[in-house]
Amino acid sequence: MYDRYQPKDFENTMVALWQDKFVVDNNSDKPKFVMMMPPPNITGKLHMGHALNNTLQDSIARYKRMMGFNTLWLPGTDHASIATELKVVEQLKSQGIDKQSLGRDGFLQKCFDWKEQYSGNIIEQLKRLGCSVDWSRLAFTMDKNCNKAVRTVFVDLYNQGLIYKGQRIINWCVDCKTAISDAEVEYIENNGYIWHIKYPIDGGGHITIATTRPETMLGDTAVVVSPNDKRYKHLVGKYVVLPFIGRKIPILNDEYVDASFGTGAVKVTPAHDPNDFEIGKRLNLNSIKILTDDGKITGGTPYDGLERKSARDKIVEDLQALGLLDKVEEHHNSRGHCYRCNSVVEPMTSEQWFVKMQPLAEPAIQAVENGDTEFVPKSYSKIYMHWMKNIRDWCISRQLWWGHRIPAYYCNKCSNMCVSVDIVDKCDKCGGKMIQDEAVLDTWFSSALWPFSTLGFPDKTRDLSTFYPGSLLVTAYDIIFFWVARMMFSGLHHMGQVPFSKVLIHGIVRASDGRKMSKSLGNGVDPIDIIDNYGTDSLRFCLLSGVALGSDIRYSEERLQKAQAFCNKIYNAARFVKHNIGEMSIEEVCNNVVDKTTLTLADKWILSKLNDCIKSINQNFDSYEIGRVADTLYNFVWDDFCDWYIEISKVQMNVDKARASKVLLHVFDNILKLLHPIIPFITEYCCQELFDGKYILALQDFPKVDIFYNSEVDKFEHIRQLIVGIRAMRADNKIAQNIKVKMSIYGFDDFVRDMSQVVPIVCKLAMCSQVDILDKPIQEQKNIIKWNWSVGTVYMHLEMLDQSVVIKKLLDDKKSAEFELNLTKSKLNSVGFTSKAPQKLIKIEEEKVEKYTQIIQKLQLELEGHKIK
RNA sequence: GGAAGUUUAGCUCAGUUGGGAGAGCGUCUGUCUUACAAGCAGAGGGUCGGGGGUUCGAGCCCCUCAACUUCCACCA
């Protein structure tokens, strides 16, 4: 092993070592544990969110595997229809190529080329993160089988009346030139304006309406007012003549209108506003589309061909010129933006495909209500429920090329339309040529099938029957709607069972300033850069130790350094262990058996501590509190093992090296296993080094709780107290670390008389030249400092001693003991406490009174002794 | 408009059934004690956002106020 911890030296070797080790058998009789990896988009590279998500999953997968579960963690990537198409178009653009000029097939070929490259990158990055997945089952949302699953599901839902095609108002992105679903719209607050426009009334006068989108007036087909609004009662039934286009539209009543807002009169544009669309349906209004798919005005108006923003400016200008602009007010509102390209989304009517959600949502709500699927932490089930209960039909068609093409076919001669899993060429009615629907499906349509399409669905495969339903889904809270909800109803509907029994929700990784990492802010941190600089284990430990259920974590360089220091600590502990087992043969090392009859006090203490640690880790892994797993290990390894046990073992090596090194190896071996799920690389590397490549740590059993040596733990805690006490005495008296002191101890009972075994340990850890065990207390005061240990009196012998320092210390000690005594007494004097507090607590308080009274007496005696001299 | 979360040491955060507040970093002191100076030993530092309540006892439970954050809905 090298002198320093340099992860680059071995991390890639470990990746190669693990390569094919996590392929899972679908014929095993072990209990199963199944997780589907949320497939990263093939749009680029992994970000910190992926790093957190996959590190969490990996630690759980490794733990479950070591706990004896037949663990399938299935990896994959997502074709990310709209996002990838945008990227490819952009790439082509930079090469001077237009998407249309390539034609559909040519463009798709470019997309598949892109997929090859980026999917490969992502897989490499997942490997570097240490993901212990089954690479033999690697999936892609657009591979053959997933496509077959998509077609099957689409046809089934269509035949069940749960998919329909219809003219509805949808969100249209004029830049992506496609419909998008409600979930894909992000509302962003902005300071805009509200224009008050006078609409001339046929027959004289005018009515003023208020709007934030004046250009939509070209598509108005009515003006509505509240039926309770007296101001406009006389106008209802009359007609307004739309400026510029001269269309006559009625003034009508509708309950929707809030008389107190704006002018109380609302222009109605059914083709370009969801509320107006509803009003239009109620009042049987015409719907006039005034925008083209790329956001230009159309419909035979004077503004045809103008882009929407310039059309608005021109219309406002023209209204002003005509004296029809009453006023303009600043107005705070929010507008929908495309979550992919960020341009303002236009609501417009369009013929699209929809999934009827109500019937599908019902079982998905029940499944969470009755606990078939459980959210961790529970609070996230509320968000899920709220969305599911207020769900609207899902617009699933996208006017893109990259994606699953909708399996609907239209005859080019007659009006025949059919939906089919297999390609349909010929019209069965007129024999004409059938042409497939041009649109593709929303990415999430195929993602929704991920828990079973990856296992062979719709075919009844062995994998599907073995591994469905899954055990756990790990994902960030930001895709509960997009993905978790849709997997839930899809799994229930198509497989009859929930896709996973638990959903572990985690937060997002924020930048060091607490803001979201984003491209526009340029505050993103690339996990691969961190791996290059610090190593994967440091990144993993940093992320996991910061995880609290469901909450965000903040990236900080400091914490990364803390994680790196921890890895370094482990690395050096391994070097120490390796050095000390140098005389053992490799057979002895691999078959290391600890003789329990020869264990020392310290051995029994560390083994008991190890037990505590195992217990705590099991509990915290089972409740997915991975942050606590990391913290527990950090404290156990650094404090108990490194700072105490390794130092002690140096002394024990002098007594019986063969024996001491065996116990040391045993404990460290267990530590490596406990740490492995969290930081797999360094632990696997240490295992390879120590056991000469005989084992693969990732495939070993997780440590089990063994014998607790309770009384030895108590005894050792006294020794620890003693060492800490002596160190404090030294510090109080400003004795430098490199100066050894002479100590003697008078004990109250056999414990101290029997402690000769640990004297060398105390000498080493408390830097003493000698420690004498006395059979009676020392009365002499000169050049001696006393300390009241729980089981005796400890004396430190000094060459010279400043009496004033000693007296000050005694006074300070007395003062603090008196403070404690008073506090305790006042507690016991309270009737409420003694009558209502549990007996156990009262006893503790009573013992305290006794303890502090004694201490004060002793200190008083000593003080008097000093003052006499 | 509706909902959720956060507020604890200078900084970043733990604190699991209510029983005398913790870690890491930073600061100060001492130390290169041969696994580790990316270390070791010690010290200092907090009226747990404000107010009220329940309780013998509240960082933890209830009410209220404030600040910040997020999600959902969205009025032309």
Side-chain angles (χ1 to χ4, degrees), chain A residues 1 3-5 187 194 209-213 216 223-224 256-258 260-269 273-276 279 331 333-336 379-380 382-383 386-387 390 477-478 480-481 507-508 510 512 514-516 545-546 548 550-559 561-580 619-620 623 625 627-628 631 634-635 638-639 642-643 646-647 650 723-724 727-728 730-732 734-740 764-767 820 823-824 827 830-838 840-841 844-845 848:
Chain A
M1 293 176 84
D3 289 350
R4 291 170 74 88
Y5 166 60
Y187 287 89
I194 186 161
I209 56 91
T211 179
T212 54
R213 291 187 296 157
T216 60
V223 169
V224 291
Y256 167 76
V257 182
D258 172 5
S260 66
F261 186 89
T263 63
V266 182
K267 62 189 273 311
V268 184
T269 324
D273 184 280
N275 291 309
D276 294 7
I279 296 172
H331 185 70
N333 69 346
S334 56
R335 292 225 55 188
S379 54
Y380 283 100
K382 278 190 204 162
I383 294 176
H386 183 260
W387 192 75
N390 293 284
Y477 56 68
D478 55 356
I480 292 176
F481 310 134
I508 59 171
R510 294 181 172 278
S512 51
R515 290 193 293 181
K516 260 189 180 177
S545 69
S551 59
D552 291 344
I553 71 174
R554 197 183 285 206
Y555 169 78
S556 92
E557 192 101 16
E558 272 181 14
R559 293 192 351 152
Q561 281 162 1
K562 173 186 170 179
Q564 191 189 27
F566 184 51
C567 292
N568 181 59
K569 194 75 182 168
I570 294 159
Y571 185 85
N572 280 294
R575 286 178 60 213
F576 179 80
V577 174
K578 189 175 163 92
H579 179 255
N580 280 287
Q619 276 171 9
N620 286 320
S623 55
E625 291 274 17
R628 286 184 191 161
D631 287 347
Y634 183 90
N635 292 324
W638 201 309
D639 298 343
C642 290
D643 288 348
I646 283 189
E647 290 308 312
K650 286 176 185 171
I723 291 164
V724 170
R727 285 170 178 170
R730 301 171 53 104
D732 284 342
K734 308 222 182 313
I735 297 164
Q737 304 285 310
N738 52 0
I739 293 169
K740 294 193 168 179
K764 164 94 176 146
L765 270 64
M767 295 144 290
E820 292 293 333
L823 211 67
T824 313
K827 211 169 188 177
S830 146
V831 182
F833 180 75
T834 48
S835 63
K836 294 194 179 173
K840 217 169 86 186
L841 267 168
I844 288 170
E845 295 299 317
K848 271 192 199 167

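If you're wondering where the values come from, they're calculated on a predicted model, not measured in any experiment. Each chain gets a letter, A, B and so on, in the order its sequence line appears, and its residues count up from 1.
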inquiry  = If I compare all heavy atoms of A:M1 with all of A:A574, which pair ends up nearest, and what's the gap?
reply    = CE-CB, 3.8 Å
query = When rounded to the nearest Å, what value does the distance between P atoms of B:U8 and B:C68 take?
reply = 15 Å
request  = Mind checking A:K569 for me? I need base, sugar-phosphate or nothing, with any heavy atom below 4.0 Å counting as a touch.
outcome  = base
inquiry  = To the nearest 0.5 Å, what is the distance between CZ on A:R4 and CG on A:N572?
reply    = 9.5 Å
ask   = With sequence neighbours excluded, what pairs up with A:E625 under the salt bridge (Lys or Arg N to Asp or Glu O under 4.0 Å) test?
value = A:R628
ask   = Reckon A:H386 touches a base, only the sugar-phosphate, or nothing at all at heavy-atom distances under 4.0 Å?
value = sugar-phosphate
Those residues that, when tested against A:D273, pass salt bridge (Lys or Arg N to Asp or Glu O under 4.0 Å) (two or more places apart) = A:R213
inquiry  = In whole Å, measure the gap between the C1' atoms of B:C56 and B:G20 for me.
reply    = 15 Å
request  = Looking at every strand, decide which applies to A:A573 at a 4.0 Å heavy-atom threshold: base, sugar-phosphate, or nothing.
outcome  = base
query = Which part of the nucleic acid does A:L841 contact within heavy-atom distance under 4.0 Å: base, sugar-phosphate only, or nothing?
reply = base
inquiry  = When the P atoms of B:C48 and B:U7 are compared, how many Å lie between them, rounded to an integer?
reply    = 14 Å
query = Which nucleotide of RNA chain B is the first, and which the last, in the 5' to 3' direction, to come under 4.0 Å of a heavy atom belonging to chain A?
reply = B:U12 to B:A76
message = Once you apply a heavy-atom cut-off of 4.0 Å, does A:T216 come out as touching a base, just sugar-phosphate, or nothing?
response = nothing
ask   = Looking for any heavy atom pair under 4.0 Å, which part of the strands does A:I646 touch: base, sugar-phosphate only, or nothing?
value = base
inquiry  = Taking only the C1' atom of each, what is the distance from B:C63 to B:U70 in whole angstrom?
reply    = 25 Å
query = If the P atom of B:A21 is compared with that of B:C25, how far apart are they to the nearest Å?
reply = 23 Å
query = Based on Watson-Crick and G-U pairs with both distances under 3.5 Å, what dot-bracket line describes RNA chain B 5' to 3', crossing pairs as [ ] and inter-strand pairs as |?
reply = (((((((..((((.....[..)))).(((((.......))))).....(((((..]....))))))))))))....
ask   = Counting any heavy atom closer than 4.0 Å, what does A:A548 reach on the DNA or RNA strands: base, sugar-phosphate only, or nothing?
value = sugar-phosphate
task = Identify whether any heavy atom of A:F481 sits under 4.0 Å from a base atom; if not, whether one sits that close to sugar-phosphate; answer base, sugar-phosphate or nothing.
result = sugar-phosphate
key: Atom pair CD1 (A:I279) and NZ (A:K267), whose distance is rounded to the nearest 0.5 Å   = 10.5 Å
task = Rounded to the nearest 0.5 Å, what's the gap from NZ on A:K848 to OG1 on A:T824? Could you check?
result = 5.0 Å
task = Tell me, please, which residues at least two apart from A:F566 pass ring-ring contact (aromatic ring centres under 6.0 Å, His included).
result = A:F541, A:Y634
inquiry  = In terms of relative ring orientation, are A:Y5 and A:Y571 parallel, tilted or perpendicular, with 30° and 60° separating the classes?
reply    = tilted
ask   = Which part of the nucleic acid, if any, lies within reach of A:V257 when heavy atoms closer than 4.0 Å are counted: base, sugar-phosphate only, or nothing?
value = base
inquiry  = Here's a test of your reading of the structure: between A:E625 and A:G832, which maps to the more 5' nucleotide of RNA chain B?
reply    = A:E625
task = Sticking with atom P, work out how far B:C75 lies from B:G1, rounded to a whole angstrom.
result = 16 Å
ask   = Hey, is the main chain of A:L765 close enough, under 3.5 Å, to the side chain of A:R727 for a donor-acceptor pair?
value = yes
ask   = Using atom P of each nucleotide, how far apart are B:A23 and B:A43 to the nearest Å?
value = 11 Å
query = Across the strands shown, which category fits A:C567 at heavy-atom distances under 4.0 angstrom: base, sugar-phosphate, nothing?
reply = nothing
request  = Mind checking A:K650 for me? I need base, sugar-phosphate or nothing, with any heavy atom below 4.0 Å counting as a touch.
outcome  = base
message = Need one value for A:R4: base, sugar-phosphate or nothing, where a base atom within 4.0 Å counts as base even if backbone is also close, heavy atoms only.
response = base
ask   = How is A:R213 classified with respect to the nucleic acid when contacts are heavy atoms under 4.0 Å: base, sugar-phosphate, or nothing?
value = nothing
Set of side chain to side chain contact (heavy atoms under 4.5 Å, CB included) partners for A:S556, sequence neighbours left out = A:E558, A:R559
ask   = Using a distance-only test with no angle check, is there a side-chain donor-acceptor pair under 3.5 angstrom linking A:D276 and A:Y256?
value = no
query = Given the P atoms of B:G45 and B:G22, what is the spacing between them in whole Å?
reply = 14 Å
inquiry  = What contact category does A:I194 fall into here, base, sugar-phosphate, or nothing, at under 4.0 angstrom with non-hydrogen atoms?
reply    = nothing
remark   = Heavy-atom nearest nucleotide on RNA chain B taken for A:Y634 and for A:V577; more 5' hit belongs to A:Y634
